[in-house]
Amino acid sequence: MKVTRADVAKRAQTSAAVVSYVLNGGPKPVAPATRARVEAAIRELGYRPNRVAQALRRTRSGFLGLLMPDGGNPFFAELAHAIETEAARRGKLLFLLHSNGREEAERLAAMGDVRAEGVLWVPRHESPSNALALADAPCPVVVLDRVPPDATSGHDSVAVDHHEGARLATSHLLGHGFRQVSCLSGPSETVVGRERAAGWRQALRDHDITAEAWEVSSDFTPDGGRLAGAQLLDRLTLPAAVFVASDRQALGLLRAVRDRGLDVPRDVAIVSFDGTDVSAYTTPPLSTMRQPLSLLAAEALTLMEKRIRDPYRPARHVSLPAEPIFRSSCGCEQK
């Protein structure tokens with residue numbers, strides 16, 4: 001049973017209004033003895049105030065917060081631009097913060113301090129502190145991109161189907177006739193890393209692939225992709241195919257291939273994920289599973305608007321398909 005403010009008032013032998021004064025620091029003063037009883041009742045019953053409802057009782061600020069994990073990652077820059085464009089179209093201003101390795105719970109709390117109507121949040125990774133931050137969020141939160149597949153957070157969320165996109169990318173490489181498709185995967189502490197690697201494995205099972213396929217992992221950076229790609233190349237029997245978990249890692253793999261005097265796609269065929277702008281300008285241009293950023297932004301803003309209007313409605317997760325863009329890095333003709 002959910003503990004209510006009325007339950008706290010009953011335990012403390014006072015009114016729900018007095019409980020509200022204690023929780024909100026006013027507007028009326030509360031006697032020290034009464035405050036002590038209310039605080040004891042809150043602890044004993046494990047009461048957690050509805051921060052979303054509290055935030056919505058404030059004066060509307062007219063802007064939304066956007067909390068991103070890495071300002072230097074081109075994918076997040078493009079996603080932020082898509083969200084900013086969509087927010088402006090709907091008459092909303094956007095306040096952008098990057099966690100950049102800092103404690104995300106603190107950054108999320110800062111959004112409440114500046115009275116954001118809601119926060120669009122792309123977490124760095126899953127962690128107990130993030131779960132607590134969501135539970136104590138000072139305003140409505142929509143989680144983007146890195147969303148647990150069971151969507152148990154109780155908050156609205158929207159993400160591309162990373163598993164299915166990776167499965168389709170791997171199946172495309174198998175369709176080129178390769179019987180060994182290896183994987184340069186992302187960090188396992190992120191749901192994105194796990195889901196894309198799982199999609200790669202699913203495609204191998206779907207096609208009854210029994211030939212040995214290798215998996216190496218790195219962070220989502222070009223340097224990580226270069227170092228992990230060199231390890232992978234040591235193991236591959238050429239010609240070979242590789243599904244790469246992000247465009248940024250694929251940049252590093254392209255460098256590792258060139259450093260060995262090899263050719264893409266003749267020696268190593270590649271399909272990556274994300275569809276960032278740079279993927280069209282590599283040599284050769286990258287085949288990639290593109291995230292539909294404009295649609296993702298529109299869905300996220302729609303979820304936020306609905307949550308602001310009705311803070312008690314059931315949480316919803318929106319899953320979007322990745323869009324295949326097959327270019328010459330996998331052996332297709334350039335588009």
Side-chain angles (χ1 to χ4, degrees), residues 74-75 78 160-186 192-193 195-209 211-218 220 222 224-226 228-292 321-335:
F75 169 73
E78 291 178 25
V160 163
D161 189 336
H162 303 286
H163 183 284
E164 179 62 9
R167 189 191 69 80
L168 290 174
T170 307
S171 295
H172 180 78
L173 287 167
L174 292 167
H176 276 282
F178 294 98
R179 302 305 294 166
Q180 180 195 65
V181 178
S182 295
C183 180
L184 202 171
S185 60
V192 170
E195 285 296 295
R196 293 179 186 178
W200 162 70
R201 288 189 288 270
Q202 182 65 55
L204 298 183
R205 290 193 296 271
D206 291 345
H207 290 80
D208 296 320
I209 299 300
E212 188 171 43
W214 300 98
E215 178 185 0
V216 296
S217 63
S218 78
F220 289 122
R226 180 180 62 84
Q231 296 175 34
L232 190 58
L233 292 172
D234 287 337
R235 303 174 182 179
L236 296 180
T237 300
L238 302 181
V242 182
F243 165 66
V244 187
S246 74
D247 293 346
R248 297 192 84 203
Q249 292 166 291
L251 295 177
L253 177 58
L254 287 171
R255 171 66 181 272
V257 170
R258 285 196 302 271
D259 287 348
R260 299 197 177 204
L262 301 174
D263 178 77
V264 175
R266 184 191 64 217
D267 301 307
V268 182
I270 297 172
V271 178
S272 61
F273 208 112
D274 283 335
T276 51
D277 290 345
V278 71
S279 66
Y281 297 96
T282 58
T283 304
L286 279 170
S287 294
T288 184
M289 302 300 295
R290 180 164 61 193
Q291 298 207 47
E323 302 169 347
I325 307 294
F326 294 133
R327 304 183 178 109
S328 52
S329 73
C330 66
C332 286
E333 295 204 3
Q334 175 64 41
K335 290 185 179 180

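Bear in mind the structure is a predicted one, so any value in this text is a computation, not a measurement.
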Engineer: Report yes if the side chains of L236 and S182 come closer than 4.5 Å at any heavy-atom pair, otherwise no.
Structural biologist: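 In short, these two side chains touch, coming nearer than 4.5 Å.
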
Engineer: Applying salt bridge (charged side-chain N to carboxylate O under 4.0 Å, His left out) as the test, list every pair that has at least one member in residues 231-256; sequence neighbours left out.
Structural biologist: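 Residue pairs passing salt bridge (charged side-chain N to carboxylate O under 4.0 Å, His left out), neighbours aside: D234-R260, R255-D259.
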
Engineer: Is any side-chain heavy atom of L262 closer than 4.5 Å to a side-chain heavy atom of V264?
Structural biologist: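 Heavy-atom side-chain distance check fails, nothing below 4.5 Å.
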
Engineer: Is there a side-chain contact between V160 and F273 in this structure, where contact means two heavy atoms from C-beta onward sitting under 4.5 Å apart?
Structural biologist: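 A side-chain contact exists here, since the closest heavy-atom pair is under 4.5 Å.
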
Engineer: Side-chain contact test, heavy atoms from C-beta onward, threshold under 4.5 Å: evaluate it for P284 versus R327 and give yes or no.
Structural biologist: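 In short, these two side chains do not touch, never coming nearer than 4.5 Å.
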
Engineer: State whether the side chain of S171 and the backbone N or O of A203 hold a donor-acceptor pair below 3.5 Å, judged by distance alone.
Structural biologist: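 Here the side-chain-to-backbone pair does not exist.
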
Engineer: Quick one: CE on M289 to OG on S279, what's the gap to the nearest 0.5 Å?
Structural biologist: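 Reported value, rounded in 0.5 Å steps: 12.0 Å.
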
Engineer: Of all heavy-atom pairs between G165 and A322, which one has the smallest distance, and what is that distance?
Structural biologist: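 So the two residues come closest at CA-CB, 4.3 Å.
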
Engineer: For G225 and S218, which heavy atoms make the closest approach, and how far apart are they?
Structural biologist: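 Minimum heavy-atom contact is N-OG, 3.6 Å.
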
Engineer: Within the side chain of W200, is there an N or O that forms a donor-acceptor pair under 3.5 Å with the backbone of V181?
Structural biologist: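 Yes; judged by distance alone, with no hydrogens or angles, the pair exists.
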
Engineer: Identify the heavy atoms of S328 and P285 that sit nearest to each other, and give their distance.
Structural biologist: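 Minimum heavy-atom separation between S328 and P285: OG-CD, 3.3 Å.
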
Engineer: For the atom pair OG (S272) and CG (L251), what is the distance rounded to the nearest 0.5 Å?
Structural biologist: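 Result: 8.0 Å between the selected atoms.
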
Engineer: What is the distance from atom NE2 of H207 to atom CZ of F178, rounded to the nearest 0.5 Å?
Structural biologist: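 Interatomic distance, H207 NE2 to F178 CZ, rounded to 0.5 Å: 13.5 Å.
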
Engineer: When you compare the side chain of R196 with that of C183, does any pair of heavy atoms fall below 4.5 Å?
Structural biologist: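 No. Closest side-chain heavy atoms not under 4.5 Å.
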
Engineer: Return yes if a side-chain donor-acceptor contact under 3.5 Å exists between E78 and T276, otherwise no.
Structural biologist: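 E78 vs T276: no donor-acceptor pair found between side chains.
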
Engineer: Quick check for you: to the nearest 0.5 Å, what is the distance between H163 atom NE2 and R201 atom CZ?
Structural biologist: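 If I round to the nearest 0.5 Å, the distance is 8.5 Å.
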
Engineer: For the residue pair H172 and F326, categorise the inter-ring angle as parallel (less than 30°), tilted (30 to 60°) or perpendicular (more than 60°).
Structural biologist: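 Geometry flag for F326 against H172: parallel rings.
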
Engineer: Please give me the minimum heavy-atom distance between V257 and D263, naming the atom from each residue.
Structural biologist: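 Scanning both residues, the minimum pair turns out to be CG1-N, 4.0 Å.
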
Engineer: L286 pairs by side chain to side chain contact (heavy atoms under 4.5 Å, CB included) with which of V271, V244, L254?
Structural biologist: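 Considering V271, V244, L254, a side chain to side chain contact (heavy atoms under 4.5 Å, CB included) with L286 is found only for L254.
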
Engineer: Do the non-hydrogen side-chain atoms of Q180 and W214 ever get within less than 4.5 Å of each other?
Structural biologist: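 They are in side-chain contact.
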
Engineer: Report yes if the side chains of T170 and L204 come closer than 4.5 Å at any heavy-atom pair, otherwise no.
Structural biologist: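 Yes - at least one pair of side-chain heavy atoms lies under 4.5 Å apart.
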
Engineer: Restricting to non-hydrogen atoms, name the atom on Q249 and the atom on S185 that form the minimum distance, rounded to 0.1 Å.
Structural biologist: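 Taking every non-hydrogen atom into account, NE2-O, 3.0 Å.
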
Engineer: Is there a side-chain contact between C332 and H176, using heavy atoms and a 4.5 Å cut-off?
Structural biologist: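 Answer yes - side chains close enough.
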
Engineer: State, to 0.1 Å, how close A245 and G186 come at their nearest heavy-atom pair, and which atoms those are.
Structural biologist: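 Closest approach of A245 to G186: CB-N, 3.5 Å.
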
Engineer: To the nearest 0.5 Å, what is the distance between CG on D208 and CG on L174?
Structural biologist: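 CG of L174 is found 11.0 Å from CG of D208.
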
Engineer: Please report the interatomic distance CG(L232) to CG(L184), rounded to the nearest 0.5 Å.
Structural biologist: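 Atom-to-atom, L232:CG and L184:CG are 6.0 Å apart.
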
Engineer: Answer yes or no: is there an ion pair linking R167 with D161, defined by an N-O contact shorter than 4.0 Å?
Structural biologist: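 Salt bridge flag = no for D161 with R167.
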
